2 protein chains.
Amino acid sequence: MRFTLKQLRYFDAVLRTGSVARAAVELNISQSSITAAIDVIEQVTGAELLRRMPAKGIVPTDKGAEAGKRVRSFLEQARIFESDLLSVTGDPTGILRLACYAPTAPYVLPPILRRVSASYPSIRIELKEGNMQEISELLSAGVVDMALTYRRLTPESQPFVPMFRAKPMALIPDTSPLVKQDEVTLADLADEPMILLDLPGTHAYFCGIFEDAGLRPNVVHTTKSSSVLRGLVSAQFGYALMNICGPNDRSGDEGYIAKPISDLSDAPQFGVTYTVAAQRSSMVKSVLKTCRDIATKGGFDHLIE
Amino acid sequence: MRFTLKQLRYFDAVLRTGSVARAAVELNISQSSITAAIDVIEQVTGAELLRRMPAKGIVPTDKGAEAGKRVRSFLEQARIFESDLLSVTGDPTGILRLACYAPTAPYVLPPILRRVSASYPSIRIELKEGNMQEISELLSAGVVDMALTYRRLTPESQPFVPMFRAKPMALIPDTSPLVKQDEVTLADLADEPMILLDLPGTHAYFCGIFEDAGLRPNVVHTTKSSSVLRGLVSAQFGYALMNICGPNDRSGDEGYIAKPISDLSDAPQFGVTYTVAAQRSSMVKSVLKTCRDIATKGGFDHLIE
DNA sequence: CATCGACACTAAAACTATTTTTCCAATGAT
DNA sequence: ATCATTGGAAAAATAGTTTTAGTGTCGATG
């Protein structure tokens with residue numbers, strides 16, 4: 001037992017903030033406590049971990065950066081352990097850090113959050129949203145414990161629990177002739193002007209759907225925001241493809257309406273991933289169970305028609 | 001940060017020893033320090049973890065036992081983290097707890113220990129020996145980080161790095177007519193009196209070799225000790241089968257000599273396993289590398305002829 | 001080039017926590 | 001009944017942490 005959790009936490013804070021002073025502010029503690037902790041760690045490891053830049057802060061040496069990674073991952077384990085130990089009383093307790101693929105968040109999150117807080121009132125969920133790249137970074141950095149995302153966007157190595165298949169829908173503006181049909185085909189769409197959601201991964205995915213059918217979409221605009229996308233469709237600039245649609249998209253009140261695409265071969269799986277560090281945590285297990293429950297009970301049926 | 005590593009360690013010691021008093025002796029501290037730590041843990045978790053039995057020690061409640069498991073696994077992680085952090089200086093440092101399948105230990109261990117201490121002087125190895133059952137218990141309980149054993153004896157789920165194939169040999173006593181042959185066949189052996197090593201797994205294995213050839217060995221004695229086994233062969237009670245033989249077995253000076261068996265279909269793989277908890281430890285990685293090195297450089301050739 | 005501000009380090013004092021010491025009550029074995 | 005063993009409690013001692021206050025270094029600024 002050569003280090004205490006406190007020392008490690010101080011060390012981590014210094015590395016994160018890049019300065020003893022800033023770390024002290026963050027931790028509500030005096031600078032000297034922190035230097036003391038660092039001294040111990042450097043002395044025990046017998047290596048220079050941080051290089052002091054007078055008046056400029058601190059920069060980690062190579063060894064320091066390496067040590068930082070290990071410390072961070074251990075503190076991560078400690079955090080999970082702690083909430084896990086507190087959960088022996090019965091219900092899982094703690095703060096679960098959950099990321100969600102942003103475009104799907106407004107549809108997927110509410111039912112999950114509702115059920116989790118109903119079943120496990122002692123679990124607090126801290127949300128983060130982001131695109132696929134950001135999410136996998138958050139996961140691998142251990143900034144979040146779990147993430148809701150498409151399987152297509154998660155590395156093979158990662159555990160993935162599928163919840164539902166999200167069949168792409170076409171949002172057809174009212175002025176398009178297609179609006180009279182109950183279903184549309186890719187060929188119908190190919191000539192119409194298209195608004196494309198241009199996030200990492202989605203671009204290739206939506207274009208790929210057409211390519212697989214030997215067609216090319218007629219992209220007139222791209223945007224990184226799904227609400228801007230809906231706005232453009234509303235304003236009759238063209239149609240758009242969306243994997244997940246809400247009641248609004250189906251109502252027809254917004255100047256467009258969601259239609260199923262009849263000739264689609266497969267629909268991407270949406271589900272939940274989690275870090276290896278978190279996999280044994282009872283909190284994660286509980287949320288996982290909830291997600292599975294919702295999925296099997298058809299809790300996402302309104303999204304997939 | 002609701003617990004300190006110290007408190008967790010005390011708690012674990014109490015659970016392991018079943019008594020505050022014994023834990024105090026083990027940890028070289030006073031009883032009261034331990035009760036204090038337990039009080040904190042019970043207070044923070046808000047559950048009764050240990051039931052005090054005056055004059056009899058302490059028994060964990062259900063929750064306490066559950067908490068104990070989690071604490072133990074976390075302390076395990078902490079231990080690995082610590083040696084890992086100390087290894088940032090360059091060479092891996094720490095205490096590696098290594099188990100070895102007992103009958104093979106005298107032959108397998110020396111070259112490994114020699115190379116490890118040459119390449120990584122800061123790694124201290126703590127050895128445990130045992131039969132296959134004991135070894136898998138040690139591994140799953142996290143009492144050891146790595147184990148040297150036969151693949152046949154390790155669960156599929158566990159990572160296994162093969163080192164060499166150990167072809168069974170026959171130890172033929174000097175008075176046997178077979179001693180004149182360079183090689184023996186299973187049929188040759190079937191009629192001779194056999195001494196059988198009777199450890200969990202070996203019994204079935206050695207008998208299986210004969211069964212596969214449609215023969216039945218003529219077992220006259222069984223023993224659980226490989227040195228007793230050799231003694232019995234020396235004393236001309238019969239021959240024995242052994243997967244790993246040393247120079248002594250080949251010298252012919254002991255009243256018997258090791259002979260290859262010509263009609264054997266396959267030879268069991270011997271190698272090294274490790275716990276999931278330990279897999280990221282740089283110490284484990286280094287030892288693993290050494291084992292692989294020795295194997296590829298033929299460091300075990302003298303054992304397999 | 002003097003000055004100021006941001007920064008980190010040190011030493012001593014103040015504080016907090018842990019540990020030991022000491023004594024106690026409960027229990028079970030003899 | 002007696003004794004050894006157990007855990008619990010309180011005060012004293014010890015160890016560890018934190019703050020305070022002062023020092024020195026560097027870079028920016030006038």
Side-chain angles (χ1 to χ4, degrees), chain A residues 1-61 63-65 67-68 71 75 78 82, chain B residues 1-61 63-65 67-68 71 75 78 82:
Chain A
M1 196 177 45
R2 332 249 323 230
F3 310 104
T4 68
L5 287 173
K6 232 180 220 172
Q7 290 162 349
L8 297 174
R9 215 156 263 141
Y10 290 180
F11 180 70
D12 176 53
V14 170
L15 247 58
R16 272 189 296 102
T17 59
S19 130
V20 174
R22 276 195 292 277
V25 172
E26 183 186 298
L27 298 167
N28 278 317
I29 228 174
S30 74
Q31 296 185 354
S32 20
S33 309
I34 295 181
T35 19
I38 292 176
D39 285 350
V40 171
I41 293 180
E42 283 197 316
Q43 205 165 345
V44 175
T45 56
E48 188 199 19
L49 265 21
L50 302 175
R51 185 150 292 144
R52 280 74 174 183
M53 313 292 265
K56 295 214 63 173
I58 247 170
V59 286
T61 61
K63 288 175 182 174
V71 168
L75 287 176
E82 191 175 292
Chain B
M1 195 179 44
R2 330 251 320 234
F3 310 104
T4 67
L5 288 173
K6 233 180 218 174
Q7 288 162 349
L8 297 174
R9 213 155 266 141
Y10 291 0
F11 180 70
D12 176 53
V14 171
L15 248 58
R16 274 189 294 103
T17 58
S19 132
V20 174
R22 275 194 294 275
V25 172
E26 182 186 298
L27 298 167
N28 277 317
I29 55 167
S30 70
Q31 296 185 355
S32 349
S33 309
I34 294 181
T35 21
I38 292 176
D39 286 349
V40 171
I41 293 179
E42 283 196 317
Q43 205 163 346
V44 175
T45 57
E48 188 200 20
L49 266 20
L50 301 175
R51 185 149 293 145
R52 279 76 175 186
M53 314 292 263
K56 294 215 65 174
I58 247 170
V59 287
T61 61
K63 287 176 183 175
V71 168
L75 288 176
E82 191 176 291

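Scope of the values below: all heavy atoms of this structure, side chains included, with no hydrogens, waters or symmetry mates. Everything numeric in this text was worked out from a predicted model, so none of it was measured.
- Between the CD atom of E42(B) and the P atom of dG7(D) there is a distance of 13 Å, given to the nearest Å.
- Spacing between atom CD of E48(A) and atom P of dC9(C) amounts to 11 Å, rounded to whole angstrom units.
- A 4.5 Å side-chain heavy-atom check between F3(B) and V71(B) finds every atom pair outside the cut-off.
- Across dT6(D), dT10(C), dC7(C), the shortest atom-to-atom separation from the side chain of R22(B) is found for dT6(D).
- For G68(A) against L15(A), the heavy-atom pair with the smallest separation is CA-CD2, 3.3 Å.
- When all heavy atoms of E48(A) and K63(A) are compared, the pair lying nearest together is O-CB, 4.4 Å.
- The nearest whole Å value for the distance from the CD atom in Q31(A) to the P atom in dT23(D) is 16 Å.
- Here dC7(C) presents its C1' atom at 9 Å from CD1 of I58(A), a figure rounded to the nearest Å.
- The residue S33(A) sits close to a base: some heavy atom pair falls under 4.0 Å.
- Of the residues near DNA chain D, K56(A) and I34(A), the one whose nearest nucleotide (by heavy atom distance) lies more toward the 5' end is I34(A).
- With rounding to whole Å, I29(A) atom CD1 is found 13 Å from dT16(C) atom P.
- I38(B) places a side-chain heavy atom less than 4.5 Å from the side chain of R52(B).
- Contact annotation for D39(B): no contact, since no heavy-atom pair falls under 4.0 Å across all strands.
- Rounded to whole angstrom, the span from the CD atom of Q7(A) across to the P atom of dA15(D) amounts to 17 Å.
- Heavy-atom nearest nucleotides on DNA chain D were determined for G57(B) and for S30(A), and the one closer to the 5' end corresponds to G57(B).
- Below the 3.5 angstrom threshold, one finds a donor paired with an acceptor across the side chain of S32(A) and the base of dT20(D).
- When rounded to the nearest whole Å, the span between NZ of K6(B) and C1' of dA17(C) equals 9 Å.
- Atom CE in M53(A) sits roughly 11 Å away from atom P in dA8(C) (whole-Å rounding).
- I58(B) is not listed as a side-chain neighbour of T17(B), based on a closest heavy-atom distance of 4.5 Å or more.
- Contact annotation: R52(B) side-chain N/O to dG8(D) OP1/OP2 distance is under 4.0 Å.
- Phosphate contact (OP1/OP2 of dT17(D), side-chain N/O of Y10(A), threshold under 4.0 Å): absent.
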